[in-house]
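Working notes, beginning with the structure itself.
Below, chains carry the letters A, B, ... as their sequence lines are ordered, and counting in each starts from 1.
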6 protein chains.
Amino acid sequence: MHELGVVYRNIRRADSDVAARLGTLGTATVHEAMGRTGLLKPYMRPIYAGAQASGTAVTVLLHPGDNWMLHVVAEQIRLGDVVVAAVTADCTNGYFGDLLATSFKARGAQGLVIDAGVRDVRVLTEMEFPVWSKAISAKGTVKVTLGSINIAVVCAGALVTPGDVIVADDDGVVVVPAASAQKTLDAAAAREANEGSKREKLAAGVLGLDMYNMREPLQKAGLKYID
Amino acid sequence: MHELGVVYRNIRRADSDVAARLGTLGTATVHEAMGRTGLLKPYMRPIYAGAQASGTAVTVLLHPGDNWMLHVVAEQIRLGDVVVAAVTADCTNGYFGDLLATSFKARGAQGLVIDAGVRDVRVLTEMEFPVWSKAISAKGTVKVTLGSINIAVVCAGALVTPGDVIVADDDGVVVVPAASAQKTLDAAAAREANEGSKREKLAAGVLGLDMYNMREPLQKAGLKYID
Amino acid sequence: MHELGVVYRNIRRADSDVAARLGTLGTATVHEAMGRTGLLKPYMRPIYAGAQASGTAVTVLLHPGDNWMLHVVAEQIRLGDVVVAAVTADCTNGYFGDLLATSFKARGAQGLVIDAGVRDVRVLTEMEFPVWSKAISAKGTVKVTLGSINIAVVCAGALVTPGDVIVADDDGVVVVPAASAQKTLDAAAAREANEGSKREKLAAGVLGLDMYNMREPLQKAGLKYID
Amino acid sequence: MHELGVVYRNIRRADSDVAARLGTLGTATVHEAMGRTGLLKPYMRPIYAGAQASGTAVTVLLHPGDNWMLHVVAEQIRLGDVVVAAVTADCTNGYFGDLLATSFKARGAQGLVIDAGVRDVRVLTEMEFPVWSKAISAKGTVKVTLGSINIAVVCAGALVTPGDVIVADDDGVVVVPAASAQKTLDAAAAREANEGSKREKLAAGVLGLDMYNMREPLQKAGLKYID
Amino acid sequence: MHELGVVYRNIRRADSDVAARLGTLGTATVHEAMGRTGLLKPYMRPIYAGAQASGTAVTVLLHPGDNWMLHVVAEQIRLGDVVVAAVTADCTNGYFGDLLATSFKARGAQGLVIDAGVRDVRVLTEMEFPVWSKAISAKGTVKVTLGSINIAVVCAGALVTPGDVIVADDDGVVVVPAASAQKTLDAAAAREANEGSKREKLAAGVLGLDMYNMREPLQKAGLKYID
Amino acid sequence: MHELGVVYRNIRRADSDVAARLGTLGTATVHEAMGRTGLLKPYMRPIYAGAQASGTAVTVLLHPGDNWMLHVVAEQIRLGDVVVAAVTADCTNGYFGDLLATSFKARGAQGLVIDAGVRDVRVLTEMEFPVWSKAISAKGTVKVTLGSINIAVVCAGALVTPGDVIVADDDGVVVVPAASAQKTLDAAAAREANEGSKREKLAAGVLGLDMYNMREPLQKAGLKYID
């Protein structure tokens, strides 16, 4: 049962430097480093190509068609945070526009991840304030019902705990629990490290079949070549 | 019951200047000024980022997979119109391409809103002819069955009467009844007028909580802060 | 019943020159020239605006969440091929990223058409390696189960036989059977030939109603004009 | 622009006998008799197999997640009405359950058509109170925002004016404007009249090809038989 | 490229006895016996619970919103056939109702599989004429454009060749190529044969972990139990 | 980050009597008693009308197309449990059929909630083993990859912790945290208690407007009646 009407002011954020470095590695690499877990549903899309953000999660639970708590969450943002907004039922309304983006940016937010809709996307794009959302819609919202700030929320199918690391780019959004952020960074960095040489070999025409020694397992699995 | 096989040649268009000025205010502001009504479903998306149009509605009712009436509607377009196309059943075929766009543009159309598919989107983008649609598809259509021109239609969930004002941009499409266009413009302009100062304050770090005097109603509603 | 665990090395490819020329005509024209058949479902979208590819199909049948066979297919690619990937059940995982794209490109592939997800879309865009897919997702895959290479597959609702011509652009993806590629090219080129003069007339304000002699058939069908 | 906060108490209802007789003909026949118009989107499904209702429309416009106006509409129901509920944005919440059904039934309602969700479907089924909805969901609603009663609404893609005839069964929901109810009944009854003899012939093995004299038009259209 | 306007009168049907026996084994068992291939997309649902059919495929290719060819296919039905209907683009119209069902049944059809909509479902249910479809809709169709009969079609993502075996039940629809029908029957029957004893053991509380000897491979894969 | 390859054998289950009594109150009442939280997405539907289950959650995390862990979870079931199965990515395969149902039932399971597909639904219905799922599909699965048992999972958008109470019926599925099960039961029972008298009044024609004293707040909110 979600706690309603509560704002947790003190959360333990993951290390900001670790969050920033996870961001440079990108969602695909980070998600692989976590054993292929932690990804939000692929319907979450950036509002412009090339959007990128990473930071520590400040969470907000909203009600359908009601964006009141986005004003409450603004006060809890610290430099380097990414706001993660969940809704208690499916809704595509445009909860967030250029005024809130101006406020969030002034407070130090790196971006917004919202399992609902946003609007003013042209201005948000010009501001380079990145948002990942389920929909784009001019549809407005009311300010009537209390939700909560900095409780654990389920956003687009993933559990996000306040302080977790959020990495988001063109490929989607991944959440890294604060407790495993450093370990994930190490694994992701190791993964990334040997990609350069692989890329060179593949560009030179070497086949993955040979580079990854796949021919034998494929044969064992029964693959047959027919001329 | 939709009237079929009829072309209404004389429609009463909303004031073109009002339509143009509503366009500069954008869909989100106009939709708010109308008490949050008038928006088409958010699946209606522009074919390119930054698309913008506003004008008076010329309507066309089409049948699934049949674009015959788009040729009929071309003759009814006047400078400043936006064509609004509804279909009697769900269909994603590409009803509209670069030849029709050339014709519509020559007749003075500001854009097309179609609850179906379009094609030739690269050329349409180069021509800067804005289209809002449900789908993009190379799938062609036949020219067999009569629909109607300038009757009231339901397009993407909204009732559009010929002569209404259509405002469309990255955030979606909104329809403003001709009779309330001026009133809506006034309300929207008033709304817009005080956004500039709000934006400045928010950019300076002032919180919406304070600017909108939300702290008291939030407390009354029972919001609790926990350290 | 799909044959599983088989790689056909020798396929009869359509003429590469015909494939290239079909590409310049675009999907809408080619699909019309085929009697409005051959189009993949419109949920197949390019990962960047302006993507274009044409070539001969090399096919691969994959299992959900398993991209092993993409490494096997790389070896079968020849200059001018487009890889067409089908999956035995719905899946949005990101099967394909920048390393595989580097390999495919080095082998001469013109692009990829995949009825599933892709990732690393920013890098693919920078590489200008065009992909048409059902989804974009950072979600990775395993390498466990055998599929097949160069068997007939159903991809996004269309039957693709190895060696067929694939034409893909912003409007979607169309498959042209190798046996009818030349005939389709002739029909498509003829269609294209008289579009130029049509475009000029329409731009000058001539109506399609007159240019296509539609007034009489519309009247016969019962269309009524009301002033 | 939808009028908000208004209850029209006096509406002109279509003839109740005509409404009842349209109900016996069923949605498919009635929709054909209207020139294949008037049908709500096919996502509207009855909550139990065999549900049937026909009557005069009493309309209600709701907001997402807010069922307050369903209590207001109850007072406006007269014997023989079908309540038609539209929502200003997509929502699947369960707006309606057994208590409201008890009330609606007591007031004489024949059923409910709602472009949103319902709940308590087991009890509604036991009560034999038919509902056509977009979803079934236990998700509750609030009672905060005013909508309107007996204004024209767009419900599941169709325009419904208060007093129109609603016919609903397993095949969907169709709206017949009050002004054309009698004409539609005549056309539908005529259509139905000669179905009996057709059914007998077809049951005896006569082909539609012969019964409808289709062989010649098919041949003219170019149909070829190949042995 | 689909051949349009052609009726193939002579097709080679799979053995009718084999088709009937595959039907008794059910879709899940048959699909497993085929190496988990051959299944149509799961959006294909029976119009009533408990629907079951098996037989040899007679195919028909339809255009969106046009059911003309369903009358043509009726003549090609032989006792024991299942009609498989594909459409050249997505469409949910009700192509098929009680009159066509009466005709199909009189001709000996076992059922219909259609990648579109049907109507008159109450009557079809009473007639016990089973249909698997994508939608239920009262929406009617025209009779204008030629399709084809007994060509290979892609229906709900699966390739169906005339004469193939179709097995359909509550779990979906599977297509078995005529050439491998006997082999599939043997494999499916073998699979079924030892299910009885398994069911008894499981009912007695024996775990699949033990019955299938899974404990060792699970341990090898690294599964850890924590108390 | 989900823990993979782990089976927690000892979980703290909510009180079984409380779970049973919550079941008699139904999902709508329980969900309201929780402040309208705890509901799984409404795409989760029972495989037969009238399905009902309540019990304590035993959880399993599965991979797409892989049901190996369902055999592992069977051993952890105790009388009164409901199995809750989540999948790491969207998948509609039929993970669960009559053999597993036989085993689960023998172990004492009250039902299954699975964010994926099931099969053998006719037999499951005959067995009266209730399942709530996202899809029905004959599509089989492999047994290759480890998931986990009795970890916290996100199922259909809701967080489920092992031992929580699951209540499921025709209206959907709700999860009640073990720690608040008693409190929720008290609130739900209180809610239910006064529904009987309300129902009687409504059945007698009393309006909710009067029974709930809504007339004054509606008037204050500005509702206008027009004759």
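For A:Tyr43, no part lies near chain C; criterion is any non-hydrogen pair under 4.5 Å. Contacts between C:Ser137 and chain A at a heavy-atom distance below 4.5 Å involve backbone atoms as well as side-chain atoms. Contacts of C:Gln76 with chain A are made by side-chain atoms alone, with heavy-atom separations under 4.5 Å and no backbone atom involved. The contact between A:Gln52 and chain C is made entirely by side chain atoms (from C-beta outward), counting heavy-atom distances below 4.5 Å. Using a 4.5 Å cut-off between heavy atoms, C:Ala135 makes no contact with chain A at all. Neither the backbone nor the side chain of C:Asn93 comes within less than 4.5 Å of any heavy atom of chain A. Proximity to chain C involves both the backbone and the side chain of A:Leu218, based on heavy atoms less than 4.5 angstrom apart.
Remark: A:Glu32 does not engage C:Lys139 in a salt bridge, criterion side-chain N to carboxylate O under 4.0 Å. Taking a cutoff of 4.0 Å between a charged side-chain nitrogen and a carboxylate oxygen, A:Asp171 and C:Arg119 do not qualify as a salt bridge. Between C:Arg122 and A:Asp169, no side-chain nitrogen of the basic residue sits less than 4.0 Å from a carboxylate oxygen of the acidic one, so the salt-bridge criterion is not met.
Side-chain contact check for A:Lys224 versus C:Tyr8: every heavy-atom pair is 4.5 Å or farther apart. Within the 4.5 Å cutoff, the side chain of C:Met69 has heavy atoms near those of the A:Leu223 side chain. You'll find the side chain of A:Tyr212 stays beyond 4.5 Å of the side chain of C:Lys143, heavy atoms only.
Distance CG/A:Asp170 to CD1/C:Ile47: 9.5 Å, rounded to 0.5 Å. Residue A:Arg36 holds its CZ atom at 6.5 Å from OG1 of C:Thr141, rounded to the nearest 0.5 Å.
Here A:Arg215 is the residue among A:Arg215, A:Lys201, A:Met44 with the most heavy-atom pairs under 4.5 Å with chain C. Contact tally against chain C (heavy-atom pairs below 4.5 Å) for A:Asp210, A:Val173, A:Leu39, A:Leu207: the top residue is A:Leu207. Residue with the most contacts toward chain A among C:Leu146, C:Thr125, C:Asn10: C:Leu146 (heavy-atom pairs, distance under 4.5 Å). Ranked by heavy-atom pairs under 4.5 Å with chain C, the list A:Gly26, A:Gly205, A:Ala221 is led by A:Ala221. Ranked by heavy-atom pairs under 4.5 Å with chain A, the first of C:Val118, C:Val72, C:Leu70 is C:Val72.
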The test is side chain to side chain contact (heavy atoms under 4.5 Å, CB included); show your working for C:Ile136 and A:Arg45 and say whether it passes.
CA-CA 9 Å; C:Ile136 293 171; A:Arg45 300 296 306 142; 3.4 Å; yes
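Checked by atom type and distance alone, the side chain of C:His71 never pairs as donor or acceptor with a backbone atom of A:Met214 at under 3.5 Å.
Heavy atoms of other residues, nucleotides or ligands lying less than 6.0 angstrom from CD of A:Glu128 number 12 at most. Summarising the local packing, CZ of C:Arg78 is surrounded by 12 or fewer heavy atoms from other residues, nucleotides or ligands at distances under 6.0 Å. The environment of CZ in C:Arg199 is crowded: more than 12 heavy-atom neighbours from other residues, nucleotides or ligands sit within 6.0 Å.
Considering all non-hydrogen atoms of both residues, A:Val206 and C:Ser103 come closest at O-OG, 4.4 Å. Considering all non-hydrogen atoms of both residues, A:Glu195 and C:Leu99 come closest at OE2-CD1, 3.8 Å.
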